[in-house]
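Bear in mind the structure is a predicted one, so any value in this text is a computation, not a measurement.
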There are 2 protein chains.
Amino acid sequence: MPEKRITTKDIARLANVSRGTVDRVIHGRGKVSEGARTKVEKVLKDINYQPNVIAQTLRANRKLKIALLIPSPDEDPYWMAALAGINLERDKVAQFEIDIRHFYFNQDDVSNFATLSDEVLSDRPDGLLVVPFFYKESVAFLDKCTSLKIPYITFNTHLDTAQSLCAIGQDLCQSGRVAANLIHRLRRKEWSLLIFHFDEDISNALHMQEKERGFREYFDEKEIRDVYTINLKSTDNIDEILSEFSSENVSGVFVTTSKSYKIADKIKSKFDDCILVGYDLLRENVNHLKSGNIDFLINQNLEIQARQGINYLIDSLLFKRQLPQKEFLPIAIVSRENIDSYLLMNESYPIQ
Amino acid sequence: MPEKRITTKDIARLANVSRGTVDRVIHGRGKVSEGARTKVEKVLKDINYQPNVIAQTLRANRKLKIALLIPSPDEDPYWMAALAGINLERDKVAQFEIDIRHFYFNQDDVSNFATLSDEVLSDRPDGLLVVPFFYKESVAFLDKCTSLKIPYITFNTHLDTAQSLCAIGQDLCQSGRVAANLIHRLRRKEWSLLIFHFDEDISNALHMQEKERGFREYFDEKEIRDVYTINLKSTDNIDEILSEFSSENVSGVFVTTSKSYKIADKIKSKFDDCILVGYDLLRENVNHLKSGNIDFLINQNLEIQARQGINYLIDSLLFKRQLPQKEFLPIAIVSRENIDSYLLMNESYPIQ
DNA sequence: TTCGAATTTGTTCACGTGAACATTTAATTT
DNA sequence: AAATTAAATGTTCACGTGAACAAATTCGAA
């Protein structure tokens with residue numbers, strides 16, 4: 001079975017017309033007589049024609065311009081992982097000469113987001129990979145993208161935008177439950193539990209709320225009620241706040257952001273046998289995890305999210321692949337024993 | 001900056017020769033005068049020429065034929081996940097019309113592997129994705145592949161074959177440590193620990209040994225010595241074996257294969273508060289995990305391994321991408337709280 | 001009818017590569 | 001020096017698509 005590939009030429013022959021007519025029917029442009037159209041459409045249906053994407057791509061012969069709009073990794077190292085993922089994919093798809101333009105906005109400054117997003121629009125990218133950090137502004141911006149026919153993929157933050165090619169993220173509420181479950185099963189004493197929010201940026205509020213909701217939901221089901229929430233402002237004195245608790249009072253701490261490294265040693269030195277669970281594999285977090293100050297980190301897989309995003313964008317734009325509307329990545333539980341297997345993934349990739 | 005793509009035509013112009021000569025230099029075939037060769041090579045180096053893979057692929061215009069050689073999923077459901085991964089990718093790359101031929105060998109029958117691998121060879125695939133299950137036979141087979149210039153990628157089982165495009169797997173010893181760590185931290189009593197091998201197929205021996213090594217290494221470091229190994233044959237009576245232990249004697253059980261579902265309820269009903277850790281998200285395992293009979297499953301990510309394997313093979317064969325020599329996937333810790341995030345990944349994918 | 005315009009259909013080129021084929025130049029033999 | 005062969009270089013086609021362009025057909029009006 002040689003199974004030759006079916007081309008527009010074959011269709012033209014079968015319908016007894018020229019390739020030009022077939023092309024006009026397929027793309028619905030130009031004038032075609034009723035008779036010819038019917039003939040061609042019949043053949044098309046019979047034969048289930050699939051265009052050769054390779055040839056299409058060659059023909060189009062365009063370099064993709066992709067915009068990346070994320071919070072600045074300089075201000076919050078959390079976003080570094082996204083960059084790492086992007087760069088990894090950029091190298092892998094170097095042959096397609098894709099032009100990825102980076103736009104970093106200040107996550108403490110809404111107006112900066114507006115400015116940056118305007119810059120993105122005036123750059124007219126072929127596609128967009130974006131963290132819709134500020135709810136209202138993001139919705140407005142993405143609406144503009146839709147009307148300008150700039151396709152986009154969102155990641156990290158979830159927005160209910162049916163217009164996006166794909167939304168990549170994680171079930172935050174469930175990740176809160178995972179943290180709760182770990183603490184519940186590991187703790188040695190039935191003392192209080194603390195939830196720490198690092199509320200430097202109000203826009204994370206939704207994120208953190210979801211995680212807290214999951215965490216509390218879990219303990220509510222177990223009828224464990226002594227769960228307390230602490231909102232830390234960057235101006236707050238952590239020692240002062242911790243001094244309100246006695247050392248034999250807290251058996252578990254859950255930090256809802258990637259900032260657990262900021263309190264890890266304080267927690268461990270103050271509370272006996274206290275279980276600390278935080279988020280994300282920042283270098284400082286990894287160090288604390290390895291030294292035992294942090295017990296578990298939940299990996300939001302930002303790097304994978306970004307990689308997936310870029311890949312999907314290219315697949316869609318260059319090869320017209322269909323994408324899933326949503327993609328939830330695994331809620332990865334990371335301990336000092338499996339941390340290396342998560343870090344190794346980022347290992348450098350030989351370039352051609 | 002329009003940054004036009006550099007083609008062989010440009011190189012020909014710059015070196016003041018014809019495209020034919022450029023082509024001969026690049027591919028080192030045909031006769032080229034010393035002078036012309038030098039000129040072209042200089043331009044090539046100066047300009048860092050990268051061929052257009054899209055055009056190459058169109059030109060080559062071939063359908064890939066990829067062979068998949070794995071143990072039969074009908075005999076051991078563990079391998080179903082590999083199939084799921086393959087099928088997912090097959091749909092995603094449907095446009096490239098890749099012909100994936102499945103060969104399932106009997107994992108209890110070495111001679112069957114020999115037969116199947118011969119079939120694979122006579123089918124002359126463009127590439128091969130293989131689980132090198134039987135050590136000696138696999139080495140022989142893969143050597144044949146190398147001499148027949150059939151490139152291959154291995155997964156699941158690790159073989160030191162520098163010839164493979166890429167070896168995909170997991171650090172088994174470390175996964176044993178992960179299991180040990182979970183049990184160590186979760187168990188309520190300092191009773192004995194049991195390691196269960198399901199030794200139905202001798203070829204898994206290496207796998208299981210590695211996992212046991214990691215597990216024991218961990219507890220040795222903690223100076224915990226009461227760790228016992230039980231080799232279960234399929235003919236063995238499990239109840240009989242368990243009767244050797246009193247109910248207040250065992251605080252943790254580690255099953256080194258995907259077969260933990262076979263003893264989960266027996267363990268939980270016999271031993272008080274015993275922690276059970278096993279491998280892989282088989283349906284039965286998932287059920288036990290959700291019901292609480294199994295505490296943790298370590299996901300070997302067979303599905304991801306297979307997906308990655310197919311993707312890499314296509315990238316290499318079709319687009320000539322460079323691959324990493326080895327790829328170790330994360331050692332995923334799965335509990336009843338994050339299991340869904342691992343199952344959702346397999347969600348069906350809309351086809352174009 | 002016969003011309004002109006509108007409509008419909010057919011042909012050709014470009015995308016970049018690889019390879020077959022054709023042509024020109026150099027080296028060797030008679 | 002002419003003829004023959006070998007070496008080196010140049011030209012062209014195919015891959016499949018999309019679109020510009022050219023050609024052919026139809027129709028209405030004079």
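In this structure, the separation between CD1 on A:Ile314 and CD1 on A:Ile66 is 5.0 Å, given to the nearest 0.5 Å.
With sequence neighbours excluded, no residue forms a side-chain hydrogen bond (donor to acceptor under 3.5 Å, both in side chains) with A:Arg59. With sequence neighbours excluded, no residue satisfies side-chain hydrogen bond (donor to acceptor under 3.5 Å, both in side chains) with B:Lys31. Annotation: ring pair (Phe, Tyr, Trp, His ring centres under 6.0 Å) contacts of B:Phe96 (sequence neighbours excluded): A:Phe319, B:Phe319. For A:Asp143, the side chain to side chain contact (heavy atoms under 4.5 Å, CB included) partners at least two apart in sequence or on another chain are A:Val139.
Rounded to whole angstrom, the span from the CD1 atom of A:Ile47 across to the P atom of D:dG16 amounts to 14 Å. If you take CZ of B:Arg13 and P of D:dT9, they are 19 Å apart, rounded to a whole angstrom. For B:Asn16 and D:dT9, the CG to P distance is 12 Å, given to the nearest whole Å. Residue B:Lys39 contributes atom NZ, which lies 14 Å from atom P of D:dA8 at whole-angstrom precision. Atom pair B:Asn52:CG and C:dG16:C1' shows a separation of 6 Å (rounding to whole Å applied). The CD1 atom of A:Ile54 sits 11 Å away from the C1' atom of D:dC15 (whole-angstrom rounding). A:Arg37 has its CZ atom 13 Å from the C1' atom of C:dT9, to the nearest Å. Residue B:Ile6 contributes atom CD1, which lies 15 Å from atom P of C:dC15 at whole-angstrom precision.
For a distance-only test at 3.5 Å, the side chain of B:Arg19 qualifies as a donor-acceptor partner of the base of C:dG18.
Of the side-chain N and O atoms in A:Thr8, none sit less than 4.0 angstrom from OP1 or OP2 of D:dG16. Using a 4.0 Å cut-off, no side-chain N or O of A:Thr7 falls inside it from OP1 or OP2 of D:dG16. In terms of phosphate contacts, A:Tyr49 brings a side-chain nitrogen or oxygen within less than 4.0 Å of OP1 or OP2 of D:dT17. Side-chain N/O atoms of A:Thr57 include none lying less than 4.0 angstrom from OP1 or OP2 on C:dC15. Checking the phosphate oxygens (OP1, OP2) of C:dG16, no side-chain nitrogen or oxygen of B:Gln56 falls inside 4.0 Å.
Residue-level contact check: B:Ala36 touches the backbone only, with heavy atoms under 4.0 Å from sugar-phosphate atoms and none from bases.
Mapping B:Val17 and B:Leu58 onto DNA chain D by nearest heavy atom places B:Val17 at the nucleotide closer to the 5' end.
Distances were taken from every side-chain heavy atom of B:Asn61 (C-beta onward) to each of D:dT9, D:dC15, D:dG18; the shortest belongs to D:dC15.
Scanning residues 20-32 of chain B for heavy-atom distances under 4.0 Å to DNA chain C yields B:Asp23, B:His27, B:Arg29.
Distance alone, capped at 3.5 Å, places no donor-acceptor pair between the A:Asn301 side chain and the A:Ile304 backbone.
Rounded to 10 degrees, the angle separating the terminal axes of the helix from C:dT1-D:dA30 to C:dT30-D:dA1 is 80°, with each axis obtained from five end pairs.
A:Phe113 and A:Phe141 have perpendicular rings, their planes meeting at more than 60° on a 0 to 90° scale where under 30° would count as parallel.
The one candidate from A:Lys63, A:Arg90, A:Lys65 that meets the salt bridge (Lys or Arg N to Asp or Glu O under 4.0 Å) condition with A:Glu97 is A:Lys63.
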